[in-house]
2 protein chains.
Amino acid sequence: MGRPSVQDQRRQEVLDAFMTCVATYGVEGATLEKIAAEAGLKRPLIRHHLGNREAMVLALGNHIAETLNQQSALLRESLGNPPSTRALIEVLFSTDHASDPRTNICYQSLSNSVALYPDLRQPLLSAMETLYQVAVDIVRAGHPTADAKICETVAHGIINLYVTTDAFVPLNPPESWASNSFLAAIRLAETLGAES
Amino acid sequence: MGRPSVQDQRRQEVLDAFMTCVATYGVEGATLEKIAAEAGLKRPLIRHHLGNREAMVLALGNHIAETLNQQSALLRESLGNPPSTRALIEVLFSTDHASDPRTNICYQSLSNSVALYPDLRQPLLSAMETLYQVAVDIVRAGHPTADAKICETVAHGIINLYVTTDAFVPLNPPESWASNSFLAAIRLAETLGAES
DNA sequence: CGTTTGGCTGTCCACATTGACAGAAAATTT
DNA sequence: AAATTTTCTGTCAATGTGGACAGCCAAACG
């Protein structure tokens, strides 16, 4: 049968190194050499596992989207039954929640590259839709009597406030930026009245 | 006296072309040739006007920060006396307000490059602080009796919701994403009660 | 032990990009 | 018209980057 294949594992490792490089140097700044150094491999192996540059970028886009989808699923499960909007906000903004900080930075970088790699759009868009949907479901569960459209607005607002906070991380802003987003999300949730 | 200098104007044109390229290709993807093509000049002239790559990036960072500061000042003036929070939100989210869409994309790209160009951090950070401050002042003017800390939270929330909306523009999301952010900002503002 | 299968390395070429310089062309003043 | 200053062009070398290939090495199986 020959040597057993570790291709799947290697592919994950290379993808992870690519993710680190994109987060640090941007999509166009993540060269094969930097990725190879990060992965501890030789440059030709990167190509062997992920294909040419375009294939690499699309693979990363799908990987990021998949990661976000898993986080959405986790979020849905980790909140008690019935889930509370307050708990959603606290999980999103808790520092120990600590979703991999590279994920959101890569998401941003890839978003800005959609014009160059159009196939990125679909997975990135639907990953975000999924996250929105989880938030909407949680908010509606916590406020069954509230208007559906209003719940949607509040849920989107909470997620967007969270996203902004993450987007500013590379700037290392004062702590107040994050706490103001957190407090704003709380206030927004409270417009729905007490939870059931 | 010799030929008259058009250096200042050329510098602005080159900076503008650089901005377009960064918005399209990212910081590392904006090569001198692409910038030259965009500016309608020959490559060596780019270097002549903006210096080497690092100087170019820092110049763009300062230019973006300056642009944002001007927009902040404009925002402060364009709102009536007394300014209303509602008007602030409507101006921010109005499509015809149409601040140059490249500005926010460049801001994001540059933010993600702070690790490589540390001198970018200061101007980007204080431009955002300025924008926050304008929003805080407007909200406080509209709600003179409200608690100062709460006004700060609401103002930051409004700005952050606006920022997120702009950040998603490259993904060309469904129109509902923007309208939900807008409605969330309105709801958030309403938590302060009626305006004076 | 040999074969087979797959992972890994070394090396090559083509091309893009940056950085630098010398010199031509243009415009204004004297 | 001549001189001067600035703008612009052409070209070179050095380096970085992507893409491709041939061949070696390691591990499992018969």
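What's counted below: heavy atoms across the whole structure, side chains too, no hydrogens, waters or symmetry copies. Predicted model only: the values in this text are computed from it and were never measured. Chain A is the first sequence line, chain B the second, and so forth, proteins listed ahead of strands; every chain is numbered from 1.
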- Message: What I want to check is whether the side chains of B/Asn160 and A/Tyr162 have a donor and an acceptor closer together than 3.5 Å.
- Response: no
- Message: Between B/Thr164 and A/Thr164, do the side chains contain a donor N or O and an acceptor N or O under 3.5 Å apart?
- Response: yes
- Task: Could you pull out all residues at least two apart from A/Ala178 that satisfy side-chain contact (heavy atoms from CB on, under 4.5 Å)?
- Result: A/Thr165
- Task: Only counting residues at least two apart or in another chain, list the ones meeting side-chain contact (heavy atoms from CB on, under 4.5 Å) with A/Ser78.
- Result: none
- Message: Suppose the criterion is side chain to side chain donor-acceptor pair (under 3.5 Å): which pairs have a residue in residues 13-25 of chain A, not counting sequence neighbours?
- Response: A/Gln9-A/Glu13, A/Arg10-A/Glu13, A/Asp16-A/Arg102, A/Thr20-A/Arg102
- Message: Enumerate the salt bridge (charged side-chain N to carboxylate O under 4.0 Å, His left out) contacts for residues 69-80 of chain A, please, sequence neighbours excluded, ordered by first and then second residue.
- Response: A/Arg76-A/Asp137
- Query: Among residues 15-25 of chain A, which contact DNA chain C at a heavy-atom distance under 4.0 Å?
  - Reply: none
Rounded to the Å, how far apart are [X] [atom1] and [N] [atom2]?
X       : N      : atom1 : atom2 : result
A/Gln9  : C/dG7  : CD    : P     : 11 Å
B/His48 : C/dC21 : NE2   : P     : 13 Å
A/Met56 : D/dT17 : CE    : P     : 13 Å
A/Ile35 : D/dG16 : CD1   : P     : 17 Å

- Query: In the 5'-to-3' direction, what one-character label does each nucleotide of nucleotides 9-18 of chain C receive under the scheme B = base within less than 4.0 Å of a protein heavy atom, S = sugar-phosphate only, - = no such atom?
  - Reply: BBBB----SB
- Nearest-nucleotide check on DNA chain C, A/Arg10 vs B/Gly51; residue mapping nearer the 5' end is A/Arg10
- Message: One thing to verify: whether B/Glu38 and B/Lys34 come together as a salt bridge, which I'm taking to mean a side-chain N less than 4.0 angstrom from a carboxylate O.
- Response: no
- Item | NZ/NE/NH1/NH2 to OD/OE distance under 4.0 Å, A/Arg187 and A/Glu190 | no
